[in-house]
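Worksheet: the structure to be examined is printed underneath.
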Amino acid sequence: MKVSVNGREVTVAAGSMVSTAVAAAGVSLYRRSVTGEPRGPVCGMGICFECRVRIDGREHCRSCQIPCVDGMEVRTDV
Amino acid sequence: MFDVVVVGAGPAGLAAACRAAESGARVALVDDNPVAGGQIWRAGGGRPAGPAAAWIRRAERNGVEWLAGARVFAVPEPGKLTIEQFAGDRELGYEKLILATGARERFLPFPGWTLPNVMGAGGLQALAKSGLDVAGKPVVVAGSGPLLLAVAKYLRARGARVLLIAEQADQAALLRFGVGLVAYPGKLAQAVQLRAGLFGIPYLTGCWPVEARGPEKLESVMLRRGRKTWTERCDYLACGFGLAPNLELAALLGCRMSATGVAVDELQQTSVAGVYSAGEATGIGGLDLALTEGEIAGFAAAGKTREARARFGARERHRRFAGGLERAFALREELKHLAQDDTLLCRCEDVPLGRVRGCMGWREAKLHTRCGMGPCQGRVCGGAVEFLLGWKAESVRPPVFPARIGSLSRD
Amino acid sequence: MGESFDVAIAGGGIVGAACAEECRAAGLKVVVVEPGPVGGGATAAGMGHIVVMDDSPAQIALTRCSRDLWLARRNSLPANVEYLPCGTLWVAADQEELAEVHRKKALYDGIGVRAEVLDARSLAEAEPHLRSGLAGALLVPDDSVVYPPCAARHMLRDIEVRREAAVQLSGQGIRLRDGTFLAAGITVNATGAWAPELTPGIEVRKRKGHLAITDRYPGFVTHVLVELGYLKSAHSTTADSVAFNAQPRRTGQVLLGSSRQFGSETAAIESHMLARMLRRVREYMPEISELTAIRTWTGFRAATPDKLPLIGPVPADPRLYLATGHEGLGITTSLATGRLVADLIVGRTPVIPAEPYLPGRQAEAHHEG
Ligand SMILES: Cc1cc2nc3c(=O)[nH]c(=O)nc-3n(C[C@H](O)[C@H](O)[C@H](O)COP(=O)(O)OP(=O)(O)OC[C@H]3O[C@@H](n4cnc5c(N)ncnc54)[C@H](O)[C@@H]3O)c2cc1C
Ligand SMILES: Cc1cc2nc3c(=O)[nH]c(=O)nc-3n(C[C@H](O)[C@H](O)[C@H](O)COP(=O)(O)OP(=O)(O)OC[C@H]3O[C@@H](n4cnc5c(N)ncnc54)[C@H](O)[C@@H]3O)c2cc1C
Ligand code: FES
């Protein structure tokens with residue numbers, strides 16, 4: 001399955017979460033905090049909201065709870 | 001309209017849903033996760049793993065309607081839940097409700113804990129289960145509780161180089177409360193198995209992280225044990241200080257709380273008639289207790305009191321074990337001094353501890369510093385605030401999970 | 001033995017805080033009595049829109065004077081007050097409401113309040129997420145937004161606050177729950193919607209409102225957007241009503257309102273009211289449906305029968321002042337209220353004529369009616 005992370009294509013196993021695809025793209029900064037700090041996943045279970053990314057244009061999606069879909073476009077902060 | 005709606009598809013929720021459905025009730029099972037299994041049986045590859053696969057098959061065979069990737073975010077009126085999925089929202093009517101919402105990890109702030117790749121212990125495990133590649137990566141596992149062992153074992157099996165496990169509790173406390181596990185043959189077997197998987201990984205008691213370092217992501221962690229401090233270079237720090245029950249939904253429904261979680265009677269019914277709770281939501285107790293409580297709640301909600309009663313003995317045994325664990329892994333005072341005034345307490349709003357310390361209580365802290373006002377709604381900082389400052393979470397309002405305006409404005 | 005003050009104020013909301021700040025600036029020794037967090041009452045619920053309103057000449061005078069006071073101090077507000085000079089857009093849905101826009105514009109021109117009429121196209125350019133087909137809007141550029149609890153705290157920065165409830169209030173002073181008596185030359189009841197508990201007989205009713213706030217979506221809205229139909233909603237004194245109100249916050253969040261209800265005494269969210277209010281928002285901004293709300297809450301406005309606050313001495317006990325009844329405008333009007341109270345206490349010429357707000361008018365209204 002292929003998804004794009006910040007414009008770069010990565011291949012992930014079916015059933016992988018978006019968080020995995022982001023890591024597989026070599027990205028550790030998922031979002032910038034409100035004061036600009038780099039942040040990444042913490043809880044892996046949908047409660048900390050640190051792993052939020054933009055998926056197909058929708059903001060604030062928890063990447064650890066959403067399975068990849070072929071062709072998905074994922075954007076993290078930079 | 002369902003006879004029974006079960007919230008949470010971990011062991012407790014799966015057992016409850018199966019027992020209720022097998023007793024003839026029309027059941028719906030809802031979980032925020034896209035795959036059944038809760039925390040312990042969390043799977044990768046989009047399919048339930050291990051025992052969860054058998055449970056969910058059994059549930060579906062008995063007609064349970066399974067709603068995956070669905071959060072319960074509000075209870076607009078008694079007998080009605082609103083849920084949200086990626087694709088949209090929906091209302092579920094219920095006669096009886098079983099809250100099997102489980103637990104989350106407790107995080108404590110220390111300098112550097114907000115760096116990318118500093119994660120929960122269960123957090124890194126969950127991410128690895130969902131596909132994160134940890135093979136060959138140096139990892140420090142730290143914090144407290146039996147979960148650390150399970151996580152270390154899992155990460156090693158996935159090829160990670162687990163450098164050490166830092167357990168904050170003292171050896172003496174672990175021994176005093178019988179975490180030697182002699183009294184519990186079943187657990188003993190589990191413990192031995194665990195040991196086998198952990199062979200060669202140092203298990204350092206009375207040891208904890210004091211600082212995580214790195215410019216844009218984690219590069220090393222400083223640890224303390226007794227007087228000694230030293231630094232370990234690592235790619236991941238997997239760090240959680242025990243578990244805390246998910247109580248938001250129960251609180252929204254007005255359920256009374258006990259010292260450990262949602263208060264329940266012997267049939268697992270909460271103070272709100274027709275609302276039951278089972279598993280870690282009622283108190284941290286481990287897998288066996290969660291399964292037994294789930295079965296009791298499922299039977300009771302379906303009116304099978306006799307079958308429920310038949311499991312009281314087993315529940316009692318599991319509860320005794322849980323009590324011992326809790327005392328053994330009690331958090332030590334020194335952990336209260338890890339965070340400095342400029343260490344962030346609230347990660348959503350970037351509020352440092354020093355700004356919150358001067359406040360009279362939770363509400364003032366929220367209103368004047370924004371602590372706890374972000375999207376996690378205090379789920380992360382709440383446990384830390386309770387440990388560091390002694391304030392209990394206050395009122396809960398819908399949505400108990402962030403929800404789309406569209407979902408909140410249903411006709 | 002108790003202690004004595006020139007002015008003792010019950011209530012640490014934004015109105016009590018503004019009174020305290022002005023009295024202190026006038027050289028008086030002031031104490032504020034507040035059992036909860038500063039700004040934890042209606043002040044914590046309010047949207048914090050600083051706005052000129054034109055219901056009545058007295059309302060124009062009070063809101064306009066207040067807004068000038070906010071403008072005058074905008075550069076000295078600390079960052080956590082989140083002052084945002086975003087202006088208001090009064091949105092007209094149809095030609096009838098557009099006529100109202102022009103009426104308002106003429107009125108504002110007459111009193112020197114800057115305002116500009118936007119046609120349908122300019123409105124769509126100014127706020128692209130509004131639905132198409134709206135008729136236009138009135139832009140009032142000098143209106144703004146603040147974060148009220150921190151504003152209240154800022155006003156109280158140099159003032160003694162007693163963390164206790166007042167149980168008894170008179171011109172002599174305040175009796176606290178712990179038994180302490182604070183003697184005072186002037187006592188002020190600034191307890192908002194709770195004021196009748198300490199000063200029985202005054203006509204202040206609770207009018208509940210619901211609000212919801214989104215996660216951060218910087219730039220989604222850039223002005224405070226209010227439907228002109230709001231006036232119909234705010235005016236009705238009986239039925240429950242909702243009106244479209246969307247506000248940008250400094251944080252990038254969008255604050256959504258508003259609803260008005262009499263007779264609901266519980267602070268709990270009423271799902272049907274919240275849903276109705278948000279549906280109204282969606283009618284104006286369909287794309288808001290996809291934004292995530294992270295929190296909802298309610299608050300009580302202190303409403304009076306003639307929709308004007310009660311500011312000044314109580315006829316039967318002239319050393320007892322009221323500063324309450326600010327309904328949905330108390331964040332704005334706190335500043336003029338504080339100034340008026342101080343003016344009346346020290347005998348200065350009031351910043352605006354005080355008569356329309358004096359508590360005596362309630363008694364007179366009863367005699368006449
Ligand atoms: C992060 C973590 C990792 C763990 N790993 C292990 C381990 O490796 N080994 C071990 O022995 N024990 C582990 N445990 C302990 C284990 O979770 C428990 O022993 C047992 O699984 C508890 O089962 P449960 O059914 O009560 O709760 P859980 O398994 O936690 O299930 C609760 C479920 O409810 C869902 N939920 C909660 N609120 C809502 C809502 N509002 N709407 C929809 N769904 C909701 C959650 O998504 C979750 O799936 C772990 C616990 C945690 C928190
Ligand atoms: C939903 C909503 C939206 C609003 N939006 C706006 C807006 O956009 N712009 C605007 O200008 N206004 C707005 N308002 C109105 C504004 O919030 C209020 O008018 C204002 O906050 C009133 O301030 P206050 O100090 O009089 O009352 P409060 O803030 O309620 O303060 C009263 C204080 O008295 C204290 N108290 C109560 N009893 C006692 C006692 N016995 N002893 C001591 N202290 C006591 C309380 O704890 C409280 O802190 C809104 C109001 C609501 C409800
Ligand atoms: S990692 Fe915490 S919500 Fe995704």
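Computed from a prediction, not measured in an experiment: that's the story for all the values here. In what follows, chains carry the letters A, B, and so on, assigned in the order in which the sequence lines appear, proteins first and then strands, with residues in each chain numbered from 1.
The shortest distance between side-chain heavy atoms of B:S130 and A:C64 does not fall below 4.5 Å. Taking 4.5 Å as the limit, some side-chain heavy atom of B:L344 sits within range of a side-chain heavy atom of A:E37. Taking the side chain as every heavy atom from C-beta outward, B:N33 and A:Q65 approach each other to under 4.5 Å. Taking 4.5 Å as the limit, every side-chain heavy atom of B:K129 sits out of range of all side-chain heavy atoms of A:M17. Side chains of B:P375 and A:R52 form a contact here, defined as non-hydrogen atoms less than 4.5 Å apart.
Note: B:F86 CZ to A:I55 CD1 = 5.5 Å, rounded to the nearest 0.5 Å. Taken to the nearest 0.5 Å, the CE atom of A:M45 stands 11.5 Å off from the CD atom of B:Q125. Between B:E216 atom CD and A:L29 atom CG the span is 6.5 Å, to the nearest 0.5 Å. Taking CD from A:E50 and SG from B:C376, the interatomic distance works out to 8.0 Å, rounded to the nearest 0.5 Å. The distance from the CZ atom of B:R104 to the SG atom of A:C48 is 11.5 Å, given to the nearest 0.5 Å.
For B:R47, no part lies near chain A; criterion is any non-hydrogen pair under 4.5 Å. If you measure heavy-atom distances from A:S16 to chain B, the contacts under 4.5 Å come from both the backbone and the side chain. For A:C68, no part sits under 4.5 Å from any heavy atom of chain B, backbone or side chain. Heavy-atom distances place the side chain of B:Q39, and not its backbone, under 4.5 Å from chain A. For a residue to count as touching a neighbouring chain, one of its non-hydrogen atoms must lie under 4.5 Å from one of that chain's; by this rule A:A14 touches chain B with the backbone only.
Shortest non-hydrogen contact noted between B:K217 and A:S28 is CD-OG, 3.4 Å. The two residues B:L127 and A:T20 have their closest heavy-atom pair at O-OG1, 4.4 Å. When all heavy atoms of A:A23 and B:L132 are compared, the closest pair comes out as CB-CD1, 3.2 Å.
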Between A:R58 and B:R404, does a side chain to side chain contact (heavy atoms under 4.5 Å, CB included) hold up when you go through it step by step?
CA-CA 11 Å; A:R58 185 189 288 180; B:R404 286 193 295 272; 3.2 Å; yes
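Using a cutoff of 4.0 Å between basic side-chain nitrogens and carboxylate oxygens, A:R32 and B:D350 are not scored as salt-bridged.
Highest contact tally toward chain A, considering only B:V35, B:D32, B:V380, is held by B:D32 [criterion: heavy-atom pairs under 4.5 Å]. Considering only heavy-atom pairs separated by less than 4.5 Å from chain B, the leading option among A:S19, A:P41, A:A13, A:G40 is A:P41. When each of A:A24, A:G46, A:P67, A:G44 is scored by its heavy-atom pairs under 4.5 Å with chain B, the top score falls to A:G44.
Applying a 4.5 Å heavy-atom cutoff, the residues of residues 105-117 of chain B that approach chain A are B:F107, B:T114, B:P116, B:N117.
For residues 43-78 of chain A, the pairs satisfying ring pair (Phe, Tyr, Trp, His ring centres under 6.0 Å) are A:H60-C:Y217, with sequence neighbours left out.
At distances below 3.5 Å, not a single donor-acceptor pair connects side-chain atoms of B:R347 with backbone N or O atoms of A:R39.
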